[in-house]
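Quantities reported herein were computed from a predicted structural model and do not represent experimental measurements. Numbers restart at 1 for each chain; the letters A, B, ... are given by sequence-line order, proteins then strands.
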Amino acid sequence: MSKKVRLRFAPSPTGGLHLGGVRTVLYNYLFARQHKGDFILRIEDTDQSRYVPGAEQYILDCLAWCGLEPDESPFHPGPHGPYRQSERKAQGIYAQYAARLVQEGHAYYAFDTPGELEEMRTHYKTPENPSPQYNHVLRTKMKNSLSLPAAEVQQLLDAGTPHVIRIKVMPGEDIHFTDLIRGEVHFATDGVDDKVLLKADGMPTYHLAVVVDDHLMEITHAFRGEEWLPSAPVHILLWRHLFGEDKMPRWAHLPLILKPDGNGKLSKRDGDRLGFPVFAMNWTDPATGETTKGFREMGFLPEAFLNMLAMLGWNDGTGKELFALQDLIEKFTLDRVHKGGAKFDFEKAKWFNHEWIRQLPVGAYQDQVLAHFRAAGIDPLPGQQTPGLATALDPVSGLSEIAPAITGAAAVPAFDPIPVTPEEEKFQKILELVKDRCHLLSEFVQQASFFFKAPDPAVIDLSPVRPKWNEAKQQFFVELIRQLQLMKTWEAAVLEKEFKEMAAAASIKPGDLLLPLRLMLVGGKFGPGVFDIAALLGPEETIRRIKGVLTLLQS
RNA sequence: GCCGCGUUGGUCAAUCGGUUAAGACGCCUCCCUUUCACGGAGGAAUGAGGGGUUCGAUUCCCCUACGCGGUACCA
C-alpha cells in the first residue's frame, strides 16, 4: 500500500498572485484530487524583509475565487502544522536539522559578513567567471568552520558572532533524478555551490525549509516552476543527508509562462504595458497604494480562467479545449504537460471566457455582472442588496453539473436558477439575450446598458438614417406608435409581424425601417434583434423612445 | 562565463519512424443576418541550422545557433 498522495503549494506572501502561480496551484490541485490525495497551502515567509501585509489573505482569497481550496492551510490547519514557516522556525524545527547536518559533516558554519561576501565576489570576478560561487574551492578562502581552526570557530560561536550554516557540497559527483515532466536530469556537483541553509537571523532559506517541511508534511509530489530546477541538486543532497533520497517526493518542474511579445517570463509589468491582467485578482500594494488589476475584476469567470491556464502547457491529446474543473481532475496527466514555456495570449484567454459566458446559465454569473453595472453607475436592480440568485458555485460540485453543457459529457441535472423577482427575471432575460457578444463580464455593461438607461436622443448618431429620411417614414412611425399602443400581446414575434405588415401596407422595405427603429431603441448600431429588445423594454418605454427620436428626425 | 532546461504556423499545439504535418485562437474571403454578434463554408500560415542512425526522419543521437532559467543570508 503506497502512501497517501500529498501536494503542496508554497508561495511567499510578497504580493499579487501571478497567473503562473495559479497554474502551479491548479496542477497541484488536479493531481491531488485525481489521486484522492491532499492539497496543502504552506506559506513560505522566511524572508521577513520581503513580507507584505495582506498578501497571505489575498492568496487565500484568490484560491477561494478559483475554487482551489486547500485541505490544509494556515487558516484550516491539519495535523502537520504550523503552515507558516515563520511559525515553524519559532518552534525550532529548522535549526535542529541544520545543526545535525553540521554535526555529521554535511554543513558548516560561515562567518562571512555580507560585506565580505560582496568583496569576495568582486575580487574573484573575471570575464570568464562573472559570478564566483561560494563553493568547494572558494570556501577554503573564506571565514568558516572548514577554513578556520576549531578553537577559533568555537570562540566565534561562543561570542555570538553572526553566522550562517552552509551546505558542504562535495565535488566530483553526478546528481540525478527523474523529473516527472522532463525525465532524467543530471547535475555535476562541481557546479553546485554551498548554499546557505540557515540565515544569520535563524530563519531557514527556501532550500532547507522546503526539504524539511516536505518531509514533515509527508509531501509525496512536489510541483514547482522551472526556475527551481537549478537548485534541485541542493535539495536532493539535503534529502540524502537528512531523510534518505528514497523518501524524497517526486519532482515535476513546470514550464514557464512567457510574455506575449519578445521573450522572458511574464511579469506584472508586461500586463500593465500590454493592457491585460497578470494577477488572479486585484492587488493593492499596501506600501504604494497602487492597485494592479486582476482577472476577476477584468471580468473573467473563474471557470474560464482555470480552463485557460490548464491549457497553457497541457492538453489531453484529443483537440478538446473546453474543460470544467471536474474534467480536468479526471483527464490531467503530467506526461502530457509540455516541456517548453508558453507565451501568454490574452486574445485566447478572452475566447475561453467567451465560451464559458455563453455556455453557463446567466444565473451563474449574474451577481458579477450586476457588480459591473453598478460600478458603471447603472443599477439594473435598484434597492436589491444581494441578488436572490446569488449562488456561490463550487467549481467542483456545482460546476460539474453544468459541465455537460460545455464539455459534452453525459447529461446530469442541470443548474437551474429560479428567479425570485420579476426584475431579476427580466435582468436574466437581458443577459441571456446579449451573452453571445460578451467576451468579458464587464462587456455586458456596454452591450446591455441601454435596457436600463434610455439613450439620450440628442447624442444619438442619426447620420446613418437622416439622409434617407422622408415624410413616408415619418408617417410610418407615427402610425407605428398608434398601433403599438393598441397591442394586446407584447411579444417579439407579434411585434415583428405587426411591424412587417405595416411596412408592407406603407410600401416601404422593412429593412429601411429597421435601422431607424434600432437607433431609437438602442442608440447605436449594435445589440440583439430589435423586436427582442422592444419586447423586453415594454410598451411604454418602447413608445417613449420612438417618440423621442422621431421629433428630432422631423426637424 | 558556467550550469540546467527548452526550440512544430503570429500564438496555444497534435504527431510517440512512414500523415496531403491535426485542431484551436487570431487574421483574410464568402454565406447567413438589412445592426453587432453567433453560426456555416473556405483561405493564407509551421518542423531553427548542420551532421549522423535508418529503406525512410518533425519524431532517435551528436554539434551549432537561438531563447529561457539559475548562478543572493529572495523565493
Problem set entry | side chain to side chain contact (heavy atoms under 4.5 Å, CB included) against A:Thr333, all qualifying residues, sequence neighbours excluded |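 With sequence neighbours excluded, A:Thr333 shows a side chain to side chain contact (heavy atoms under 4.5 Å, CB included) to A:Trp314, A:Asp335, A:Arg336, given in chain and number order.
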
Exercise. Looking at residues at least two apart in the chain, or sitting in another chain, which of them share a side chain to side chain contact (heavy atoms under 4.5 Å, CB included) with A:Asn135?
Worked result: A:Gln133, A:Val137, A:Leu138, A:Asp193

Can you give me the N/O atom pairs linking the protein to nucleotides 27-30 of chain B at distances under 3.5 Å, or say none if there are none?
none

Quick check: does any side chain N or O of [X] sit under 3.5 Å from a backbone N or O of [Y], one acting as donor and the other as acceptor?
X	Y	answer
A:Ser449	A:Val445	yes
A:Thr189	A:Val192	no
A:His18	A:Leu266	yes
A:Asn353	A:His439	yes
A:Arg23	A:Leu312	yes

[X] [atom1] to [N] [atom2]: how many Å, rounded?
X	N	atom1	atom2	result
A:Tyr124	B:G1	OH	C1'	18 Å
A:Ile533	B:A37	CD1	P	15 Å
A:His235	B:G4	NE2	P	17 Å
A:Leu322	B:C25	CG	C1'	12 Å
A:Leu19	B:C12	CG	P	14 Å
A:Phe276	B:C12	CZ	P	13 Å
A:Lys343	B:G26	NZ	P	19 Å

For this session: Please lay out, stage by stage, how A:Val278 and A:Arg269 fare under the test side-chain contact (heavy atoms from CB on, under 4.5 Å).
Result: CA-CA 9 Å; A:Val278 168; A:Arg269 292 199 67 81; over 6 Å; no

Side chain of [X], heavy atoms from C-beta onward: which of [options] has the nearest atom to it?
X	options	answer
A:Phe187	B:C25, B:G4, B:C38	B:G4
A:Val185	B:G4, B:G6, B:C12	B:G4
A:Glu321	B:G4, B:G23, B:G1	B:G23

Taking only nitrogen or oxygen atoms into account, show me every contact under 3.5 Å that the protein makes with nucleotides 39-50 of chain B, one pair per line with its distance.
| unit_1 | atom_1 | unit_2 | atom_2 | d |
| --- | --- | --- | --- | --- |
| B:G39 | OP1 | A:Arg358 | NH1 | 3.2 |

Atom pairs, N/O to N/O, protein against nucleotides 58-62 of chain B, distance under 3.5 Å?
none

Exercise. Is NZ or CZ of A:Lys350 both nearer than 6.0 Å to the six-membered ring centre of A:Phe352 and within 45° of the ring axis?
Worked result: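 Here A:Lys350 fails the 6.0 Å and 45° test against A:Phe352.
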
Which value, in whole Å, describes the distance between the [atom1] atoms of nucleotides [N] and [M]?
N	M	atom1	value
B:A22	B:C3	C1'	38 Å
B:U8	B:U46	P	14 Å
B:C25	B:G9	C1'	12 Å
B:U19	B:A14	C1'	12 Å
B:U58	B:A21	C1'	8 Å
B:C62	B:G4	P	13 Å
B:C5	B:U64	P	15 Å

Exercise. Could you run down nucleotides 68-75 of chain B 5' to 3' and tag each one B, S or - for protein heavy-atom contact under 4.0 Å?
Worked result: SBSBSBBB

Exercise. Can the ring centroids of A:Phe223 and A:Trp228 be said to lie less than 6.0 angstrom from one another?
Worked result: no

Exercise. Would the A:Tyr27 and A:Phe332 ring centres measure less than 6.0 Å apart?
Worked result: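 Aromatic pair counts; centres sit under 6.0 Å.
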
Give a yes-or-no answer on whether the side chains of [X] and [Y] include a donor-acceptor pair shorter than 3.5 Å.
X	Y	result
A:Tyr206	A:Asp47	no
A:His253	A:Arg224	yes
A:His186	A:Asp174	yes
A:Asp270	A:Ser267	yes
A:Asn144	A:Tyr134	yes

Exercise. Going by a 90° cut-off around 0, is B:C61 syn or anti?
Worked result: anti

Exercise. Got a sec: does the CZ of A:Arg250 have more than 12 other heavy atoms crowding it under 6.0 Å?
Worked result: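 No.
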
For this session: Could you note down all residue pairs passing ring-ring contact (aromatic ring centres under 6.0 Å, His included) where residues 496-522 of chain A supplies at least one of them, sequence neighbours left out?
Result: A:Phe476-A:Phe499, A:Phe499-A:Phe531

Might you list the N or O atoms of the protein lying below 3.5 Å from N or O atoms in nucleotides 31-35 of chain B, with each pair's distance?
| unit_1 | atom_1 | unit_2 | atom_2 | d |
| --- | --- | --- | --- | --- |
| B:U34 | O4 | A:Gly511 | N | 2.8 |
| B:U35 | O2' | A:Lys525 | O | 2.7 |
| B:U35 | N1 | A:Arg518 | NE | 3.3 |
| B:U35 | O2 | A:Arg518 | NE | 3.4 |
| B:U35 | O2 | A:Arg518 | NH1 | 3.0 |
| B:U35 | O2 | A:Phe526 | N | 3.4 |
| B:U35 | O2 | A:Phe526 | O | 3.2 |
| B:U35 | O2 | A:Gly527 | N | 3.3 |
| B:U35 | O2 | A:Gly527 | O | 3.2 |
| B:U35 | N3 | A:Arg518 | NH1 | 3.4 |
| B:U35 | N3 | A:Arg518 | NH2 | 2.8 |
| B:U35 | N3 | A:Gly527 | O | 2.6 |
| B:U35 | O4 | A:Arg518 | NH2 | 3.4 |

Seminar exercise, completed: Taken in chain and number order and not counting sequence neighbours, the residues that satisfy ring-ring contact (aromatic ring centres under 6.0 Å, His included) with A:Tyr365 are A:Phe444

Exercise. Could you spell out the base pairing of RNA chain B in dot-bracket, with Watson-Crick or G-U pairs whose two distances are under 3.5 Å, [ ] crossing and | to another strand?
Worked result: (((((((..(((.....[....))).(((((.......)))))....(((((..]....))))))))))))....

For this session: Could you check whether A:His186 gets within reach of a base, just the sugar-phosphate, or nothing at all, counting any heavy atom under 4.0 Å?
Result: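 Sugar-phosphate contact only.
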
For this session: Could you tell me whether A:Pro127 contacts a base, only the sugar-phosphate backbone, or nothing, with contacts defined as non-hydrogen atoms closer than 4.0 Å?
Result: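 Here A:Pro127 touches the backbone only, sparing every base.
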
Problem set entry | All side-chain hydrogen bond (donor to acceptor under 3.5 Å, both in side chains) counterparts of A:His338, not counting sequence neighbours |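 Per chain and number, A:His338 pairs via side-chain hydrogen bond (donor to acceptor under 3.5 Å, both in side chains) with no residue.
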
Look at the rings of [X] and [Y] and say which category their plane angle falls in: under 30° parallel, 30 to 60° tilted, over 60° perpendicular.
X	Y	value
A:Phe346	A:Phe300	tilted
A:Phe187	A:Phe177	parallel
A:Tyr58	A:Trp283	perpendicular

Check nucleotides 19-22 of chain B for protein N or O atoms closer than 3.5 Å to its own N or O atoms and list the pairs.
none

Problem set entry | A:Asn315 vs B:A13: side-chain N/O to OP1/OP2 distance below 4.0 Å | no

